[in-house]
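Here the structure comes first, spelled out in structure tokens, and everything after it is commentary.
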Amino acid sequence: MASVYTVLGPHAYMLQRYGVSPNEDVRTAVDKLRLSAPHLARLLGELALRFSQ
């Protein structure tokens with residue numbers, strides 16, 4: 001699975017406030033975001049799907 005930085009580029013650093021490192025894989029980041037920011041979890045999941053196609 002791609003890293004958060006690969007999917008979001010420099011925008012990945014904004015997720016650090018939610019405890020997500022830009023170097024983490026997207027699946028781990030989505031799991032972390034589900035509790036604190038479900039809207040961002042959905043967005044990141046959808047972007048990762050489009051990125052992988």
Side-chain angles (χ1 to χ4, degrees):
M1 170 106 345
S3 71
V4 176
Y5 189 85
T6 303
V7 174
L8 295 178
H11 303 291
Y13 291 100
M14 72 179 179
L15 297 179
Q16 286 181 325
R17 77 183 308 176
Y18 299 101
V20 174
S21 168
N23 299 320
E24 285 185 90
D25 65 285
V26 171
R27 186 168 300 153
T28 303
V30 168
D31 289 342
K32 284 184 177 181
L33 289 169
R34 275 197 183 116
L35 298 175
S36 60
H39 60 293
L40 294 175
R42 284 191 303 273
L43 175 65
L44 183 57
E46 289 178 21
L47 289 172
L49 278 175
R50 292 178 190 223
F51 180 80
S52 65
Q53 292 177 350

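Throughout, residue positions are numbered sequentially from 1 according to the sequence presented.
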Go through the structure and list residues passing side chain to side chain donor-acceptor pair (under 3.5 Å) with Asp25, not counting sequence neighbours.
-> Thr28

Looking at side-chain heavy atoms only, is the closest gap between Leu8 and Leu15 below 4.5 Å?
-> yes

Side chain to side chain contact (heavy atoms under 4.5 Å, CB included) partners of Tyr13, counting only residues at least two apart = Tyr5, Gln16, Pro22

Pro38 versus Leu35, closest heavy-atom pair with distance = CD-O, 4.4 Å

What residues, two or more places apart in sequence or in another chain, satisfy side chain to side chain donor-acceptor pair (under 3.5 Å) together with Ser21?
-> none

If you look only at distance, which donor and acceptor atoms sit under 3.5 Å apart when one is on a side chain in residues 39-52 and the other is two or more places apart or in another chain?
{"from": "Ser52", "atom 1": "OG", "to": "Ala48", "atom 2": "O", "distance (Å)": "3.4"}
{"from": "Ser52", "atom 1": "OG", "to": "Leu49", "atom 2": "O", "distance (Å)": "2.9"}

Any pair counted as side-chain hydrogen bond (donor to acceptor under 3.5 Å, both in side chains), so long as it reaches residues 29-38, sequence neighbours left out | Glu24-Lys32, Asp31-Arg34

